[in-house]
Amino acid sequence: MKLPDSRARALSDLAGVLTGRFDRLGDLDDIDNAITCIRDALDLSSIDDPLRPAYCASLGFSLRARFHRFGNVTDIDECVAAYREATSL
C-alpha cells in the first residue's frame, strides 16, 4: 500500500469520527474539519482509486449534515455534486 492511500484512508476515517461528533455535539469546527479531511483524502486519491466513490459519498454526507444544521445552500449544492461524482466512478 502506498503512503497516499494510507493517508487518504486515515483522513476519511477521521472525517467520519468528526462528523459523528458533530452530530452529537453540534460543534461547527468538527464538521468544518471533517469536510477538510475528506477533501484532502480526495486530493490524495487517484480517479481510479477504488475508495474514491466512498470518499465522495462521505463528503456528500458531511456537507448534507452541515446544510441541515446551518442551511447554507452552497453546502447542499456541493453535496449533490459529490454524490454525482460518487455514482459516476
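We count residues from 1, following the sequence as given. Owing to the predicted nature of the structure, the values given are computational and were not obtained by experimental measurement.
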With no hydrogens and no angle check, is any side-chain donor or acceptor of Asn33 less than 3.5 Å from a backbone partner on Asp29?
yes
Any side-chain heavy-atom pair from Arg52 and Ile47 closer than 4.5 angstrom?
yes
Gap between atom OH of Tyr55 and atom CG of Asp43 - 0.5 Å precision:
12.0 Å
Under 3.5 Å: donor-acceptor pair, side chain of Thr87, backbone of Arg84:
yes
Rounded to the nearest 0.5 Å, what's the gap from CD on Glu78 to CD on Glu85? Could you check?
12.0 Å
Exercise: do Ser58 and Ser12 side chains pair donor with acceptor under 3.5 Å
no
Rounded to the nearest 0.5 angstrom, the CZ-CG distance for Arg24 and Asp30 is 8.5 Å
Any chain of hydrophobic side-chain contacts (each under 4.5 Å) joining Ile38 to Phe70?
yes
4.5 Å side-chain heavy-atom contact, Cys56 and Tyr83
no
Give me the atom names and distance for the closest heavy-atom approach of Asp23 to Ala65.
OD1-CB, 4.2 Å
Are any side-chain N or O atoms of Arg66 and backbone N or O atoms of Ser62, one a donor and one an acceptor, separated by less than 3.5 Å?
no
Do you reckon Leu51 sits in the same ILVMFWY cluster as Leu42, going by side-chain contacts under 4.5 Å, direct or chained?
yes
Could you pull out the closest heavy-atom pair between Asn72 and Phe67, with the gap in Å?
O-CD1, 3.1 Å
Looking only at non-hydrogen atoms, find the nearest pair between Asp27 and Phe22 and report the distance.
O-CD1, 3.2 Å
Does atom CZ of Phe61 have more than 12 heavy-atom neighbours, drawn from other residues, nucleotides or ligands, at distances under 6.0 Å?
no
Output the distance between atom CD1 (Ile35) and atom CG (Leu63), rounded to the nearest 0.5 Å.
4.5 Å
Using every non-hydrogen atom in the two residues, find where Gly26 and Arg69 come nearest and quote the distance to one decimal.
CA-NH1, 2.9 Å
Kindly compute the distance separating CG (Leu59) from SG (Cys37), expressed to the nearest 0.5 Å.
11.5 Å
Does some side-chain heavy atom of Ile31 sit less than 4.5 Å from a side-chain heavy atom of Leu18?
no
